[in-house]
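See below for the structure under consideration.
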2 protein chains.
Amino acid sequence: MLDNSQYIEKLRSSGLRPTKQRIKICEVLFNSEKTFHFTINELVKRISKSTNEKISLATVYNTVHAFKNKGYLKEIPINSDQSYFDTNTSHHHHFYDETQKDLIDIDDADVEPVKINTRIPGKKIKSVEVLVKVEDDKS
Amino acid sequence: MLDNSQYIEKLRSSGLRPTKQRIKICEVLFNSEKTFHFTINELVKRISKSTNEKISLATVYNTVHAFKNKGYLKEIPINSDQSYFDTNTSHHHHFYDETQKDLIDIDDADVEPVKINTRIPGKKIKSVEVLVKVEDDKS
DNA sequence: TCAACAGTTTAGAACTATTATAATGTAGAA
DNA sequence: TTCTACATTATAATAGTTCTAAACTGTTGA
């Protein structure tokens, strides 16, 4: 077993019990150098590749939602038959390649600050997300 | 029967046969003064309110997809268990009120042009959509 | 240390939105 | 009118997600 104390701390500090399933999912999600996008289906595959102990599908769903609520994951707003999540929780945007059905990060520095010159009374802005749809350039 | 020649023309000109189901759906979608957002479920309800002749659910799905492909409707990228469509096909953006689960248009004029300073080689930009999530301001 | 309890996991059922199927119907052309 | 390709329909099938309720486990406090 590697050093998972960081994940145990992370979980405990946000009121989530550090169960072995949650720690394993943390490893799969947060151990990699680069952040990435995933669907539940893809996450389940990554998990089975990295462990022999099966984690129930329901637990994967529960955990992803818990992590999303705690701000450890972001859900990407996109029209798809599946939900897409992002381990990159910093402020950034996305290209969606409609030809390849592929999501690509756009660094926040590559997008001029989006100015919204209107407000809804009594509401505060929680996030501003830009989705840039692209397709093959056949010109 | 009201004057539906505009819809018959519209359908015919885009290679869709003007069936009575499609004409009825055009009426429900495009007769109102204001544009609006809807889910398939909501559209089915609107249809049943405005006619006695039942339109099959499959036809509603087929028609909405056909209209979307022809550019008469836009699908709104949002995380939801249902697809949201918009009869406003002009370039504009959305607030999503997470408290009320409500979508609100943002006029294009109220958003400073979004500048994306990066590109994907071989791909061209098809659309740039901004989703502003808001919640109740409890301050 | 250990009992107790609240939180967690689990397999599988249930649910819901959407798509596929295949038979019947219909608009438009000849 | 007849023919044919396109549309509609009810229903079945599919797929992602959530629910259920029983078994399990981390944590607390005696």
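Chain letters run A, B, ... following the sequence lines, proteins first and then strands; every chain starts at 1.
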For A:Lys24, the side chain to side chain donor-acceptor pair (under 3.5 Å) test, sequence neighbours excluded, returns A:Glu27
Applying side chain to side chain contact (heavy atoms under 4.5 Å, CB included) to A:Tyr61 and not counting sequence neighbours gives A:Ile40, A:Leu57, A:His65
| query | Looking for any heavy atom pair under 4.0 Å, which part of the strands does A:Ser83 touch: base, sugar-phosphate only, or nothing? | reply | sugar-phosphate
A:Leu43 CG to D:dT17 C1', in whole Å, measures 15 Å
Check whether B:Arg22 reaches the backbone of B:Arg17 with its side chain - one donor and one acceptor, N or O, closer than 3.5 Å. yes
A:Thr99 meets the side chain to side chain donor-acceptor pair (under 3.5 Å) criterion, sequence neighbours left out, with none
Sequence neighbours excluded, the answer for side chain to side chain contact (heavy atoms under 4.5 Å, CB included) partners of A:Thr118 is A:Ile116, B:Phe95, B:Ile106, B:Asp110
Reading nucleotides 24-30 of chain D from 5' to 3' and marking B where a protein heavy atom lies under 4.0 Å of the base, S where only the sugar-phosphate is that close, and - otherwise, the string is -BBS---
Encoded 5' to 3' (Watson-Crick or G-U under 3.5 Å; [ ] crossing; | other strand), DNA chain C becomes ||||||||||||||||||||||||||||||
By side chain to side chain contact (heavy atoms under 4.5 Å, CB included), B:Asp108 pairs with (sequence neighbours left out) B:His91, B:His93
Expected list for residues 55-77 of chain B near DNA chain D, using heavy atoms below 4.0 Å, is B:Ile55, B:Ser56, B:Ala58, B:Thr59, B:Asn62
Whichever of A:Asn41 and B:Gln21 has the more 5' nearest nucleotide on DNA chain D, that residue is B:Gln21
A:Glu98 meets the side chain to side chain donor-acceptor pair (under 3.5 Å) criterion, sequence neighbours left out, with B:Lys126
The side chain to side chain donor-acceptor pair (under 3.5 Å) partners of B:Ser83 (sequence neighbours excluded) come to B:Glu75
Could you tell me how the ring of B:Tyr7 sits relative to the ring of B:Phe30: parallel (under 30°), tilted (30 to 60°) or perpendicular (over 60°)? tilted
Within the side chain of B:Thr87, is there an N or O that forms a donor-acceptor pair under 3.5 Å with the backbone of B:Phe36? yes
Bounded by its outermost nucleotides with an atom under 4.0 Å from a heavy atom of chain B, the footprint on DNA chain C reads C:dA17 to C:dG28
Test side-chain contact (heavy atoms from CB on, under 4.5 Å) applied to B:Ile76 and B:His94, step by step: CA-CA 9 Å; B:Ile76 304 171; B:His94 293 98; 3.7 Å; yes
List, one per line, each side-chain donor-acceptor pair under 3.5 Å for residues 48-56 of chain B, sequence neighbours excluded.
from	atom 1	to	atom 2	distance (Å)
B:Ser48	OG	B:Val44	O	2.7
B:Ser48	OG	B:Lys45	O	3.3
B:Ser50	OG	B:Ile47	O	3.4
B:Thr51	OG1	B:Glu53	N	3.2
B:Ser56	OG	B:Ala58	N	3.2

Ignoring hydrogens and geometry, is there a side-chain-to-backbone donor-acceptor pair from B:Ser14 to B:Leu11 under 3.5 Å?
yes
